[in-house]
Number of protein chains: 2
Amino acid sequence: MKLSDGIEQALHCATLLASLPNGGLLSAKAMADFHGVSPSYLLKHLQALSKADLLHTEPGPRGGYRLARAPDQITLLDVVLAVEGPEPAFRCKEIRQNGPNPLPASHFKAPCQINAAMLRAERAYRTELCAVTLADLLADLAAADDGSIAARGCAFFDEHMRRSKPDPTPTT
Amino acid sequence: MKLSDGIEQALHCATLLASLPNGGLLSAKAMADFHGVSPSYLLKHLQALSKADLLHTEPGPRGGYRLARAPDQITLLDVVLAVEGPEPAFRCKEIRQNGPNPLPASHFKAPCQINAAMLRAERAYRTELCAVTLADLLADLAAADDGSIAARGCAFFDEHMRRSKPDPTPTT
DNA sequence: GAATCGTGGATGATATTTATCCGTGAATTG
DNA sequence: CAATTCACGGATAAATATCATCCACGATTC
């Protein structure tokens with residue numbers, strides 16, 4: 001059982017976008033540079049998040065990605081399912097019925113208890129992920145540090161962050 | 001995220017062995033036939049279970065595998081970890097620190113909240129698996145059906161089941 | 001009309017699954 | 001008591017699925 005690296009990238013990008021002021025955009029390339037990961041691979045996962053309606057995309061030269069919903073309306077589970085797919089990790093192949101000497105059919109009326117137990121565990125996993133939103137992560141970050149990432153005014157964001165609406169901000 | 005098929009095979013074999021009368025043995029080939037799976041692949045996982053001290057192996061012409069402990073002393077988590085390895089599915093690569101314009105070091109004093117949340121979910125998963133023993137599975141089976149698998153006296157078991165000793169003494 | 005960005009499919013790399021071979025240990029047999 | 005047979009143990013290699021990367025296309029802005 002191994003989770004793909006794309007999960008970590010997608011989660012960090014989502015958190016990053018959540019930390020931007022409302023309407024803030026970042027291009028895929030900017031996020032790839034910021035995290036030091038392959039742009040092509042990141043693109044793939046950003047597209048998955050877009051298709052899952054978690055991100056909204058703004059095309060064109062001043063385009064980029066922004067959250068499609070408020071940070072407290074996006075859970076970690078949303079992101080994980082968008083990238084990894086909705087299927088459970090454990091797929092019961094019903095090998096108990098494969099044998100050359102099958103057991104009486106009455107034995108299989110009941111669902112496979114092994115499958116049931118594995119899916120129960122997986123549901124606990126998802127429940128835990130569903131309980132955490134992007135907003136929660138930002139709050140924890142703000143508690144440990146004293147401000148959101150973007151609020152610190154890194155040169156990186158001054159350079160790459162954009163706004164979805166043409167907002168003529170006075171240059172200071 | 002996909003769990004290997006070997007997990008299902010290992011779990012079913014463990015449950016099968018647990019359903020045998022005390023001291024009952026089955027060869028790897030017999031279990032592979034019974035489940036209709038590749039013997040070589042199953043062998044690999046049975047060996048993993050042996051190394052994890054979940055199964056005990058009896059060599060020789062009348063040999064095979066039996067449980068190393070009582071069914072209520074083996075949890076699903078034991079089996080899953082023996083096959084999949086102990087490492088968590090989510091490995092934080094700390095990509096937040098990779099960027100060309102690193103954030104101030106104070107930002108990284110706190111552990112990555114994303115990593116923490118993912119590991120918390122994984123712990124919930126394992127806790128759930130740890131709560132179920134092979135004995136629990138047999139009990140559920142007995143409730144749905146009216147007897148354990150082996151107790152039904154299938155021809156298959158009459159043919160392949162063996163006993164480790166003429167005087168089976170349950171080990172602790 | 002040219003440059004920039006997101007979209008989608010095609011390609012190579014890596015991990016997983018499957019299959020095969022030979023070595024070791026134990027019980028049966030003569 | 002030694003040769004034979006059966007079953008596990010471990011290494012190796014081919015086939016397959018998945019992961020990661022790259023390249024061409026259409027859309028949008030300046």
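The chains referred to below are lettered A, B, ... by the order of the sequence lines, with proteins before strands, and numbering in each begins at 1.
Partners of Thr75(A) under the side-chain hydrogen bond (donor to acceptor under 3.5 Å, both in side chains) rule, at least two apart in sequence or in another chain, are Asp78(A). For Arg91(B), the side-chain hydrogen bond (donor to acceptor under 3.5 Å, both in side chains) partners two or more places apart in sequence, or in a different chain, are Glu87(B). The side chain to side chain contact (heavy atoms under 4.5 Å, CB included) check on Ala52(B) picks up Leu54(B), Ala82(B), with sequence neighbours excluded. Residues satisfying the salt bridge (charged side-chain N to carboxylate O under 4.0 Å, His left out) test with Arg120(B), not counting sequence neighbours, are none. In this structure, Phe90(B) has no ring pair (Phe, Tyr, Trp, His ring centres under 6.0 Å) partners at least two apart in sequence or on a different chain. Scanning for side chain to side chain contact (heavy atoms under 4.5 Å, CB included) contacts around Ala18(A) gives Leu67(A), Pro71(A), Leu134(A), Leu138(A), with sequence neighbours left out. Residues forming a side-chain hydrogen bond (donor to acceptor under 3.5 Å, both in side chains) with Asn115(B) (at least two apart in sequence, or on another chain): none. Considering only residues two or more places apart in sequence or on other chains, Ser27(B) meets the side-chain hydrogen bond (donor to acceptor under 3.5 Å, both in side chains) condition with none of them.
Heavy-atom distances under 4.0 Å link DNA chain C to Ser40(B), Tyr41(B), Lys44(B) of residues 40-48 of chain B, given in residue order.
Rounded to whole Å, the distance from CG on Asp5(B) to P on dT16(D) is 15 Å.
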Q: Report, as a single string ordered 5' to 3', how protein heavy atoms within less than 4.0 Å touch nucleotides 24-30 of chain D: B base, S sugar-phosphate only, - not at all.
A: ----BBS
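In this structure, Arg123(A) places its CZ atom where only 12 or fewer heavy-atom neighbours from other residues, nucleotides or ligands lie under 6.0 Å away.
When heavy atoms are screened at a 4.0 angstrom cut-off, Gly64(B) is found touching the sugar-phosphate backbone but no base atom.
Regarding contacts with the backbone of dC19(D), every side-chain N or O of Ser4(A) stays at 4.0 angstrom or more from both OP1 and OP2.
Comparing Thr57(A) and Lys2(A) against DNA chain C, the residue whose closest nucleotide sits nearer the 5' end is Thr57(A).
Taking 4.0 Å as the cutoff to heavy atoms of chain B, we find the contact window on DNA chain C bounded by dT17(C) to dA27(C).
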Enumerate donor-acceptor pairs with a distance under 3.5 Å from any side-chain N or O in residues 38-47 of chain B to protein atoms, sequence neighbours excluded.
unit_1	atom_1	unit_2	atom_2	d
Ser38(B)	OG	Ser40(B)	N	3.4
Ser38(B)	OG	Ser40(B)	OG	3.4
Ser38(B)	OG	Tyr41(B)	N	3.2
Tyr41(B)	OH	His45(B)	NE2	3.3

